[in-house]
Structures are given as structure tokens and as C-alpha cells.
Amino acid sequence: MVAGETVLRIGEAPLPGPPARAVRELERERPRWVWADTRESYPPLLTAGVRVSRCHDLALTEGLLLAYEGRYGEPRSARAAHARLRGLPVPDDQPSVPGTLFEPEPLPAEAVAEVLGDQLRRIEALPDPGRFRLLVAAESAGALIAAEMGHDGMPWRRDVHDALLTELLGPRPVHGMRPARLQALADEVAAAFGHPVNPDSVQQLVKAFKGAGVALKTTRSWELKKVDHPAVAPLLAYKELARLFSFHGWAWADQWVRGGRFRPEYVVGGVVSGRWATSGGGALQIPKVMRRVVMADDGWTLVVADAAQLEPRVLAAMAGDAGLARAAGEIDLYAALAQAFGGERDHAKIAMLSAMYGGTSGDAAKLLAVMRQRFPRAYQFVEDAAKAGEDGRVVRSWLGRTSPPPSGRWRELVSGPEGGRAARDRGRFTRNFVVQATAAEWALALMAVLRGMLPDPARLVFFQHDEVIVHCPLDQAGEVMAAVSAAAAEASRLLFGPTPVRFPMETVAVSCYADAK
DNA sequence: TGACCAAGCGCC
DNA sequence: AAAGGGCGCTTGGTCA
């Protein structure tokens, strides 16, 4: 374990000396490092050129355990966990911004060992410690990967980015000005109304349309598209380009791209379902048009791998529904289901998605009835999750991640006149949670296994829910693609054991991300 | 002036 | 081709 200047492993005495060198030495035995917070301990090691293969992140584990134990929202830092053990005042979680305000004293190694021991005991007390141990391992591996991806960065060609922006917006404007193309569109909008209107202001737009005899509740794109007015076309174009300019324009690149690499800040488990979030850089919302900026280095390639139809496969495996699992043994799950839905692949797809997300529109009800009859266990699985949510109970993923409990506000609301609405909303959330959270676990397991199989110097450089990108030398492409496929099989074995459900990856090696798919 | 919220839209 | 849930991020606008 690593705590400040002290380095030791379980059952050993503290070792003196610079952490990086000691860690490098001990890493030869591939221990599982235990530390308070990967975000604090790992980046300095990476900077020193040291990588570790496995860890146990106390803070992430504490968060998972507290949620399982019905103590959602209690501080989850290792320091807080230690204070609770000792009956001391429990410090609030600090927003993790290293190097700002103050850096707390590192947690002593003895305290780290104490918290670890407590966590391991609590895990053993759970109904299925094996699954939860896998969850902890996967979450911790995710923390390593997130730190490494932040360190290595994703290839990002600033020259291509600049050319793309210039093509769409015009040359980079001086600070505070609109690019030429944006200004031209804004002028067109104003001309269409016959007076100046700020196209970034919802209020001004609604007022301007009202003056032109068009009543609008919102200025959402799909709403505007139904309106017949000369301002609509330039306004829609403006909105799209303005977003590009302010979200992923030159200023964004100045902040997030250095040395030909985009270095986002991932937040492992940042979404309640266990999906990752970002705390800057917007790595999970990069518009598709920007993918052409992501290019492999000379002599290297990008292996882009996408889990196909992940969520329905996860449901099939979890629910143990023989019929659905049989269909999920095929490459195209929806096509395999089509027969049950009158030969219509689209109907099968709508039925599955409605079951997982609580959809009610269009033909959903009719198709759900078919699903209930043909795939009763899968249907019942998500229905049970929805019922739990409506009743104010929590639900858990396959490995044991627990949904947040309902808020006090929700409990008030649900007993009021609009109670039915609040209950149904939460039912949709818990219905989706069990599937999305388990899919996130599968993806974490995939990445953890894949990371261990990658040949040096291949690197994971991007992760987006069910998609990964590996940057590697051209001559490693075949090996990496095979590793992706093997890792997917291993991830499904780890989570579900023997199952007819397959988890195919769509994998391609490309020099530019835009060429995938 | 800074804190906060809502709108809107990008990704899965 | 939709449908659902989840997020982050920027801007304008309000309030203290």
C-alpha cells in the first residue's frame, strides 16, 4: 500500500524511500496495492514512469459498501471510513482538486490497513461476497485505467481540429468575438425578424417569434423545425455551430489538448449506475463530427471496439430467460427475435427497449404484451425492478451496486396528488438501473481484462460506456483485436459464468476514429 | 460581483 | 426511424 512517503504491503513492515522506486521494485510480484484514493496516489507514479497491475481503492469500495448497507450519502473517503471506525468526527468528502487549497496529511499506513480489514469483513458479510469482490476489483481497475488514460491521453490532431473549425466557422476570432460564419447566421436571423435578436437568448427568441405571429413554448430544435418562418433555417444552423464553437472550439482545445493528446478527467463511478462521468473536457460528449480529429500517430493505429447490443444481452444473461438467451447467442439479437414479433426486427427492438426503459409510446404496449408472453422471465425481471422503484425500495446490479434510495422530497411527492407520476418516474429509473448498471460492470470487466492483455506499448486511450479505443503500433493491430475479443468472452464468464449469451464486439483498426463504423 | 437555475443539446 | 434513462457543459438570466 502507498500512503505518502510510506510504502508497504499487507503483512509487511513499512518500507522507506521514494514511493515510485519502491513500488516499481515490489510490482514485480504483482501485488494488489491498497490505497486511500487512486486519484491521489497513482498519477505521481505514472509521472515517474511506474504502472501497477492491480489495486484496491478504499474510497470507491467504501462508496459501494455504504450504498449497499443503506448508508447512501455518508462520506466515503478512506479518512472518513477510518474516523467512523475510531468513533471520531467524520470529515466531509473533499472535492478532489489536487494541489489546491490544502493537501491533507496522507493517511498513515496503519489506518489504511485498518480500513481495508473493515471493508473485507463487511464484504464477507454480504449475501454474495464473490460478486461484490469482483465489483470492487473492476471498479478499482477502472480507477487505474482512468488515471492512465488521463496520463496518456487520446491522440488529438490540433491542426486537423483547427482546419475543421475554420471550415465550419471561419478563422479563429479574437477573444470575445463570434466567428465570421456564426456572425453571418446571427445577422440572417436578425434580418428575418427585422430587428436585432440574440440567438443565444431563449427569451429574446420566443419574444421575436411571438412578434412574428408564431407562438413557441420552447426553442428546441425539433420544435423549431415545425415552424414556417425565414428565421428558422439560419437559427438552426447557428445553434449547431455555436455549440461546436463554445463546447469544442479553440478555447476548449487550449485547455484540454497538449502535446497532441486530449487529456480528459474521468470520474470513475461518477454516474449512480456506475457509468463513468467526466469532470472536465467533456470526453463523453464529443460530437461525432469531431471524430476525424482523432488520428493515430504515424506507424500506429486505433483499434476501435464497440459492444453490440450490450444492454439486451445483459438482461438476457441476468434474467436467465432461456428464449431470450438463445437469441442473445446470435450476432444480431434483434434479428433473432424477429420471428417472435411477427417477423419484424424493428418490433423486437422496440419491445426490448421499452421493457428496459419503461417506454409507453406508440406500439410499445402491444409489443410488451408479446414480450411478456414469449420471454416471461426477462419481462418479469425488469417489471420487478420497476415495482421496487415505485414502492420506494432500492435495486441492485448483478454484482451488487445499489441504486440511490428515494429522497425525502420524493416520499412527500408520492403521497400527494401527483404521486402516481413520481412513482412511475422512479419505476422507470430503477427499471433502467438494473440493466444499465450491470452493463457498466460488464464494460469495466472487459476493460480490466483487456488492459492486462495488451502488449507494450499499446494503450487504452478512450472509453465511452460500451466502446473502447486502443492506440497501438500497426503491427500489433491483429494481436490487440484478438485481445478485445478474448476480453469480451472473459468478461461475460466473470460476470455470468456459463451462459449461452454472447457479447460480440464490433472491432476495427483505423487510422482515424471517423473511419470506424 | 458571484452563486445559482433553467434551457438546450451533445454522447451512450 | 423512433422509444428511455443517465450524464456534462455553456449561456443567459435572476437574485442577493
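In what follows, chains carry the letters A, B, and so on, assigned in the order in which the sequence lines appear, proteins first and then strands, with residues in each chain numbered from 1.
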Might you list the N or O atoms of the protein lying below 3.5 Å from N or O atoms in nucleotides 8-10 of chain C, with each pair's distance?
residue, atom, partner, partner atom, Å
dG8(C), O4', Gln285(A), OE1, 3.2
dG8(C), O4', Gln285(A), NE2, 3.1
dG8(C), N2, Arg243(A), NH2, 3.3
dG8(C), N3, Gln285(A), NE2, 2.9
dC9(C), OP1, Gly280(A), N, 2.8
dC9(C), OP1, Gly281(A), N, 3.3
dC9(C), OP1, Gly282(A), N, 3.4

Between the protein and nucleotides 14-16 of chain C, list every N/O to N/O distance that falls short of 3.5 Å.
none

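Using a 4.0 Å cutoff on non-hydrogen atoms, the parts of residues 424-432 of chain A near DNA chain C are Arg428(A), Phe429(A), Asn432(A), ordered by number.
Evaluation of the ring-ring contact (aromatic ring centres under 6.0 Å, His included) rule for Trp442(A) yields Phe503(A) as partners, not counting sequence neighbours. Among residues two or more places apart in sequence or in another chain, the ring-ring contact (aromatic ring centres under 6.0 Å, His included) test is passed with His161(A) by Trp156(A), Trp252(A). Take Glu240(A) and apply the side chain to side chain contact (heavy atoms under 4.5 Å, CB included) test, not counting sequence neighbours, and it matches no residue. Applying the ring-ring contact (aromatic ring centres under 6.0 Å, His included) criterion to His151(A), with sequence neighbours excluded, gives no partner residue. Residues satisfying the ring-ring contact (aromatic ring centres under 6.0 Å, His included) test with Tyr357(A), not counting sequence neighbours, are none. By the side chain to side chain contact (heavy atoms under 4.5 Å, CB included) test, Arg131(A) pairs with Asp128(A), Trp398(A), Leu399(A), sequence neighbours left out.
Using a 4.0 Å heavy-atom cutoff across all strands shown, Asp346(A) reaches at least one base atom of the nucleic acid. Counting non-hydrogen atoms under 4.0 angstrom, Gln464(A) reaches the backbone sugars and phosphates but no base.
Taking the side chain of Val272(A) as heavy atoms from C-beta on, and the options dG6(C), dG12(C), dA1(C), the nearest nucleotide is dG6(C). Distance from the side chain of Gln204(A) is smallest to dG13(C) among dC11(B), dG8(B), dG13(C). For Val202(A), the side-chain atoms get nearest to dA7(B) when compared with the rest of dC12(B), dA7(B), dG13(C).
When atom types are taken as modelled, the side chain of Asp37(A) and the backbone of Ala59(A) share no donor-acceptor pair closer than 3.5 angstrom.
Applying the 3.5 Å distance criterion, the base of dC12(B) shares a donor-acceptor pair with the side chain of Arg275(A).
Salt bridge Asp384(A)/Lys387(A): absent, no basic N to carboxylate O contact under 4.0 Å. Between Glu441(A) and Arg396(A) there is no salt bridge, since no side-chain N of the basic residue sits under 4.0 Å from a carboxylate O of the acidic one.
The ring-ring contact (aromatic ring centres under 6.0 Å, His included) analysis of residues 401-422 of chain A, with sequence neighbours excluded, yields no pairs. Residue pairs that meet the ring-ring contact (aromatic ring centres under 6.0 Å, His included) test with at least one member in residues 207-229 of chain A, sequence neighbours left out, are Phe193(A)-Phe209(A), Phe193(A)-His229(A), Phe209(A)-His229(A).
Five base pairs at each end of the helix from dT1(B)-dA16(C) to dC12(B)-dG5(C) define two local axes, and these are offset by 10° (rounded to 10°).
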